[in-house]
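Bear in mind the structure is a predicted one, so any value in this text is a computation, not a measurement.
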Amino acid sequence: MAILLDVPYAEKDQAKALGALWNPEIKRWYAKNRYSYPKLKRWISQNENFFIICEQLYIIQGERICFKCGKKTRVIGYGVESYFEFGDEVDNGVYHDKGGEIHVTDYIAPFPDKLLNYVQSNYNYKEKYSKFAGCTYLANCCDNCDTLQGDYFLFNEVDSPFWINDESDASKLKLYRIPLEYDLVVDFASITLSSNDFLIKEYGQISDLNL
């Protein structure tokens, strides 16, 4: 796996000395050694706080009962296995990888275009105003009545399809694994860690999806 870098011409020798490589086909610098990412941070993102999702990303599909119409509706979240976190308290980056555990996140930003196009084409997933949150955001909406299924209730309540207590909860999830051509840099990812995350990969229904 590799990550693309934004290296100005005047800094190419510095980047090369720190492990950057040149791809003549796409005319971009990149790095292959994941453990060199912290040294190359300045050419990965201009933000102080960011994440790098490594190797693959998942769409996680569950079901819930819509609080408005009382019918079953599909809802989605996202899953990551290994990732880097950079920020004020982790300036040199922290690499998270617990041996294949899949961790749930309700949102990443910015969304890759292909991923956004796919979920908006296949789910009732769109920008909608939430009175509870006081803002408009990309959200799951009921397949039947179009009511917004708020992120807080979807991802933070014990009866959520993404709140995993046992193998029965995990077995109800459908996971679509998306291999990444390059490790993905995002400004924000609300990744939730749970002691039961290992159950998701062990018992969830996983299939591959190429975007």
Side-chain angles (χ1 to χ4, degrees), residues 1-60 76-123 125 127 137-138 175-193 197 200-201 206-211:
M1 188 48 88
I3 194 168
L4 293 176
L5 307 172
D6 290 315
V7 181
Y9 181 80
E11 299 174 9
K12 63 182 180 64
D13 291 335
Q14 293 174 263
K16 186 176 181 180
L18 293 173
L21 302 167
W22 175 251
N23 185 327
E25 293 183 7
I26 62 173
K27 295 181 170 33
R28 288 284 302 272
W29 288 92
Y30 70 100
K32 287 180 64 175
N33 182 352
R34 187 164 295 151
Y35 295 100
S36 71
Y37 289 3
K39 294 185 295 183
L40 297 164
K41 173 187 170 185
R42 62 188 285 195
W43 299 295
I44 293 174
S45 175
Q46 298 302 306
N47 297 325
E48 289 297 320
N49 300 288
F50 65 95
F51 294 81
I52 303 171
I53 298 172
C54 301
E55 294 188 26
Q56 54 208 358
L57 176 66
Y58 293 82
I59 297 171
I60 305 179
I76 59 170
Y78 305 93
V80 299
E81 286 187 66
S82 57
Y83 64 97
F84 268 99
E85 180 181 3
F86 290 86
D88 295 335
E89 297 181 3
V90 284
D91 184 61
N92 291 322
V94 173
Y95 181 57
H96 300 269
D97 186 353
K98 291 190 174 182
E101 288 187 7
I102 297 175
H103 309 297
V104 177
T105 175
D106 59 345
Y107 190 74
I108 58 174
F111 265 94
D113 290 339
K114 289 182 180 179
L115 175 62
L116 183 57
N117 290 338
Y118 178 85
V119 295
Q120 290 190 317
S121 297
N122 290 274
Y123 299 94
Y125 191 80
E127 288 196 352
Y137 63 92
L138 281 166
L175 292 90
Y176 301 95
R177 177 171 45 211
I178 304 167
L180 299 173
E181 184 178 4
Y182 295 99
D183 287 347
L184 177 64
V185 182
V186 296
D187 297 334
F188 178 78
S190 55
I191 299 169
T192 302
L193 305 181
D197 283 348
I200 298 175
K201 190 166 188 179
I206 301 177
S207 57
D208 288 324
L209 174 65
N210 290 305
L211 296 182

Over all heavy atoms of both residues, which pair between [X] and [Y] is shortest? Give the atoms and the distance, please.
X: Ile200; Y: Val104; value: CD1-CG2, 3.8 Å
X: Leu18; Y: Ser36; value: O-CB, 4.2 Å
X: Thr192; Y: His103; value: O-CB, 3.6 Å
X: Tyr30; Y: Lys32; value: CE1-CG, 3.3 Å

What distance separates [X] [atom1] from [Y] [atom2], expressed to the nearest 0.5 Å?
X: Leu57; Y: Ile178; atom1: CG; atom2: CD1; value: 5.0 Å
X: Cys54; Y: Ile3; atom1: SG; atom2: CD1; value: 7.5 Å
X: Phe188; Y: Ile108; atom1: CZ; atom2: CD1; value: 11.0 Å
X: Trp43; Y: Leu4; atom1: CH2; atom2: CG; value: 15.0 Å
X: Leu209; Y: Arg177; atom1: CG; atom2: CZ; value: 11.0 Å
X: Lys114; Y: Asn210; atom1: NZ; atom2: CG; value: 10.0 Å

So do the side chains of [X] and [Y] get within less than 4.5 Å of each other, counting heavy atoms only?
X: Asn122; Y: Ile59; result: no
X: Gln14; Y: Val7; result: no
X: Leu184; Y: Pro112; result: yes
X: Tyr176; Y: Asp208; result: no
X: Phe84; Y: Arg34; result: yes
X: Lys41; Y: Phe86; result: yes
X: Lys27; Y: Trp22; result: yes

Handout entry: Sidechain-backbone polar pair: Asp197 side chain, Leu193 backbone, donor-acceptor under 3.5 Å
Key =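 Looks like no, no N/O pair under 3.5 Å.
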Problem - Sidechain-backbone polar pair: Asn47 side chain, Asn49 backbone, donor-acceptor under 3.5 Å - result: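 Side chain of Asn47 to backbone of Asn49: no pair is present.
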Practice task
Determine the interplanar angle of the Tyr95 and Tyr35 rings, folded into 0 to 90°, and report it as parallel if under 30°, tilted if 30 to 60°, perpendicular if over 60°.
Solution key: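 Perpendicular, since the angle between the ring planes exceeds 60°.
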Problem - Aromatic plane relationship, Phe51 with Tyr83 - under 30° parallel, 30 to 60° tilted, over 60° perpendicular - result: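 Taking Phe51 first and then Tyr83, their aromatic rings sit tilted (interplane angle of 30° to 60°).
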Problem - Within 6.0 angstrom of Glu127 CD, more than 12 heavy atoms from elsewhere - result: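 Count over threshold, so yes.
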Exercise for the section: Return yes if a side-chain donor-acceptor contact under 3.5 Å exists between Glu85 and His96, otherwise no. Expected result: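 Yes, His96 and Glu85 have a side-chain donor paired with an acceptor closer than 3.5 Å.
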Practice task
Please step through salt bridge (Lys or Arg N to Asp or Glu O under 4.0 Å) for the pair Glu81 and Lys201, ending with a clear verdict.
Solution key: CA-CA 10 Å; Glu81 286 187 66; Lys201 190 166 188 179; 2.9 Å; yes
Exercise for the section: Could you pull out all residues at least two apart from Tyr78 that satisfy ring pair (Phe, Tyr, Trp, His ring centres under 6.0 Å)? Expected result: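 Residues passing ring pair (Phe, Tyr, Trp, His ring centres under 6.0 Å) with Tyr78: Phe111.
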Problem - Derivation and outcome, side-chain contact (heavy atoms from CB on, under 4.5 Å), residues Leu40 and Trp29 - result: CA-CA 11 Å; Leu40 297 164; Trp29 288 92; over 6 Å; no
Practice task
Dump the intermediate steps for side-chain contact (heavy atoms from CB on, under 4.5 Å) on Ile76 and Ile60, then the final yes or no.
Solution key: CA-CA 5 Å; Ile76 59 170; Ile60 305 179; over 6 Å; no
Practice task
Test salt bridge (Lys or Arg N to Asp or Glu O under 4.0 Å) on Arg28 and Asp6 and set out the steps.
Solution key: CA-CA 7 Å; Arg28 288 284 302 272; Asp6 290 315; 3.2 Å; yes
Problem - Side-chain ion pair, Glu11 and Arg42, N-O less than 4.0 Å - result: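 Result for this pair is yes, salt bridge flagged.
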Problem - Val186 vs Ile52, side-chain contact (heavy atoms from CB on, under 4.5 Å): CA-CA, chis, key distance, verdict - result: CA-CA 6 Å; Val186 296; Ile52 303 171; over 6 Å; no
